[in-house]
Every structure is written in C-alpha cells, then in structure tokens.
Amino acid sequence: MASADRRPVSPDAADAEPRDFGVYLHWPFCLSKCPYCDFNSHVRHAGVDEPRFARAFAAEIAATAARVPSRTVSTIFFGGGTPSLMQPATIGAVLDAVARHWSIAPDVEVTLEANPTSVEAARFRGFRTAGVNRVSLGVQALDDGALRELGRLHSAHEALAAVGVARSIFARYSFDLIYARPGQTPAAWAAELKRAIAEAGEHLSLYQLTIEQDTPFAALHAAGRLAVPDEDAARALYDTTQAVCAGAGLPAYEISNHARPGGECRHNLIYWRAHEYAGIGPGAHGRLDVAGERRATATEKRPEAWLTRVEALGHGLVTDEALTAEQRADEFLLMGLRLAEGIDPRRFARLAGRALDPRRIAVLRDEGAVELTASGRLRATLAGFPVLDAVVADLAA
C-alpha cells in the first residue's frame, strides 16, 4: 500500500456530506490488563490462534463489504488491545482482505497501535512491509514511578527506545501520554511534556486520567487509596498542556490530540467529522450508510464468542440499528465540537431537519464557551473545551 500523504487537513472537508471511508480493526488481546483501562481487551496466556482469527476478520470484512460495496478506503486503523502483538503475516492477511473487497486510496493511511513492550525493529519492518505506514505507541508516561502506578510493563528508557525504532522505520508516528496522575504538578508535567515533544514527530495524544467504572483504579479510588487531582488542579494541568504544546508547534486539533499542520490522524478525523466507517473484530463499532440510512453497528465483545459467531454466520454483529435524524445530528454535534475546527451549522441543520437555536448559541458566546468564525463555523473556545459536555447538551436540547 502507498504511504499516507502529508497534506494539510482542510476544515472545508467537514462541510460536505460524508465522503471519507475508514476501516477499524479491533485486536482485543494484551500482555496484561492495565488498572485504568476499560477497553475491550483480554489476556490469553495460552496464546492466540492468529490464522483462525485472520480468517474470521476476512469473513467479517467480506460480509460488511457486501452491505457497503463500491467504497474507497481512505484510512485503516488497527486498534486494541495490542495489535502489535500480531505477527506481520497476520496484519498482511487482514490488509489483503480489505483490498480484495474495497478499493484502496493511493494515499491510504494505515495505523497500528503498539505498546513499547512489543516493539522490535524486525517486527516493525515486517509491519511496514505488510502495508502499515503509521504507528501509535502507548508510552503513557516518561516517569518510571508513574509507569509502575499505571501498571505498565515498560520503563521510560524502553519507551523512548521504542519511539526511536518507530522513527527509523515509519515516516509517520505518534505516541500517547496520560496526565492528571496522582500527585502530578503542572511544573513536573510541563517538564515531562517538553521531553516528549523533543521525541515526537508530527503528533501526540495527551489524555487526562479518568476513573472508569469496573476497573481496579475505580475500586482503589472508592476505597480512598487513589487520589487524583481535583477539578482545579486538573484544569491547571490541562492549561499547561495547551500552552506547552502550542508553544512547540503542536496545537490541539482535538481535545486530546495535538499535531503539526498536516500531521493529524486522518482516521480519527473520520469519527470526529461523522463520516462513514466499518467496525471489524470483537467489540468493534461502525457507522455505515445503507439504503439511505446511517446504521450504528457493534459486534460481539468476547473474542472467542465473536470468533464462533463469525464462523457460523459470517459476521459478529450484535447491534445493527438505523439512527434517527436527531440521533445522527446529535452525534455530529458531539463529535464535531471536539475539533478545533468546529462544525458547519448548516450540516447540522441538514442532518437534523432543524437549525441550532441561535439564542442558545448567543448565550454560550456571551459565556465565552463557543465562537462563530468568519466563515460561519461554530467551535468551542479554549475555555469551552474543558466543559464541552455541558456545551453540547445545551446546544442539542
């Protein structure tokens, strides 16, 4: 597959009806389960039958393509779990299945998520040969104590070595960090972030630690054994993030994602711009346009149950519902306002069959939470981003 291009992302692309098409592929297996993680990820000490799973992925791709034929794939994203635990041959087989059933854009972006513990130069070269042209590394922290607290299996030195391997093999790479960790100060975070930016290429994902239900961190927090920054302290860390990244030429193009111009993750932009994407693999979600309807799909989450279901039925779907115009418009609003570019209110009106209430927009503008650009786009301000859920709820009401 061809390397992804480095063209700037134009907000005008969001004004048109959806035209990009992405394929998300979920590999649900990890070496260990992190205590903060509520993703659909599983540990299998006995190993995984990769050829069997690859056949199931191919079958579900074929079934999905039968519903939405004649698409040109703009982006492919292997998420997880830890997709870098797969053999390059498995990655290649799945990519070949995508290419058998859909056309592939010449500048397709193919991203693979990886953990520093599973990074080997030989394996990464194999992924590159298979067709991957962008990697996203789960570094999470550049402090060994914090990494232990987060349940990570790598050290900061190993993480930076993995970033170096990625840099040497892929033209495009990114890595993640988690902030608002227990006891973290703005000064310490600024220093860690500057160290990360020195190693970064065109993209960083910076997530604020949240306590998710039914995780070990949730139990520790409920027992008073895990203290996270309060609202004011978390806001100070968020403000530090914005200032340091913007000053280094990596402004936020989305609440938690920062990039140099042209370095944005094009696959994630498909989600945020409410374009169309297929969800393949255990627990994957999709949004497909079928017979004039936008359909929300989801597959069986349990890996072995998904595998059995696909082998019996040709797909692992457990949800396949048509979204109403209001639901589709609300999703567009919720996702689109995460972007610094904001949304085109005219597209919201086309989707919802009604315009956004100008009085509500006026109130939010007066409060400094949103602004209208000269071209008429509606976007959250820096002050509005930390309270975006409330902003969206107000606009959607």
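Computation of the quantities below employed the complete heavy-atom set of this structure, encompassing side-chain atoms and omitting hydrogens, waters and symmetry-equivalent molecules.
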- Message: Give me each pair satisfying salt bridge (Lys or Arg N to Asp or Glu O under 4.0 Å) with a member in residues 240-258, each pair once, sequence neighbours excluded.
- Response: Glu254-Arg338
- Could you list all the ring pair (Phe, Tyr, Trp, His ring centres under 6.0 Å) pairs where at least one residue sits in residues 133-172, not counting sequence neighbours? Phe124-Phe170
- side chain to side chain donor-acceptor pair (under 3.5 Å) contacts in which one or both residues fall within residues 182-191, not counting sequence neighbours: Trp189-Thr241
- Task: Please list, chain by chain and in numerical order, all residues satisfying side-chain hydrogen bond (donor to acceptor under 3.5 Å, both in side chains) with Asp394, sequence neighbours excluded.
- Result: Arg360
- Task: On the 0 to 90° scale, with breaks at 30° and 60°, tag the Tyr24-His26 ring pair as parallel, tilted or perpendicular.
- Result: tilted
- Item | Side-chain donor or acceptor of Ser174 paired with backbone N/O of Ser136 under 3.5 Å | no
- Query: Does Thr240 have any side-chain hydrogen bond (donor to acceptor under 3.5 Å, both in side chains) partners at least two apart in sequence or in another chain, and if so, which?
  - Reply: none
- Task: Could you tell me whether a side-chain N or O of Ser168 sits under 3.5 Å from a main-chain N or O of Val165, the two making a donor and an acceptor?
- Result: yes
- Would you please name every residue forming a side-chain contact (heavy atoms from CB on, under 4.5 Å) with Ala162, sequence neighbours left out? Pro116, Val119
Could you go through residues 55-62 and list every donor-acceptor pair under 3.5 Å that involves a side-chain atom there, pairing it with any protein atom two or more places apart or in another chain?
residue : atom : partner : partner atom : Å
Glu60   : OE1  : Gly281  : N            : 2.8
Glu60   : OE1  : Trp306  : NE1          : 3.3
Glu60   : OE2  : Trp306  : NE1          : 3.2
Glu60   : OE2  : Gly316  : N            : 2.6

- Item | Residues which pass side-chain contact (heavy atoms from CB on, under 4.5 Å) with Ala322, listed by chain and number, not counting sequence neighbours | Glu293, Arg295
- Query: Any luck finding a side-chain donor-acceptor pair between Asp320 and Thr297 under 3.5 Å?
  - Reply: no
- Qualifying side chain to side chain donor-acceptor pair (under 3.5 Å) pairs, either residue in residues 277-287, two or more places apart: Arg287-Glu331
- Task: Could you list all the ring pair (Phe, Tyr, Trp, His ring centres under 6.0 Å) pairs where at least one residue sits in residues 83-110, not counting sequence neighbours?
- Result: Phe21-Trp102
- Sorted by chain and residue number, the side-chain contact (heavy atoms from CB on, under 4.5 Å) partners of Ser103 (sequence neighbours excluded) come out as Thr72
- Message: My understanding is that only residues two or more places apart in sequence, or in another chain, count here; which of them pass side-chain contact (heavy atoms from CB on, under 4.5 Å) with Thr381?
- Response: Glu371, Ala383
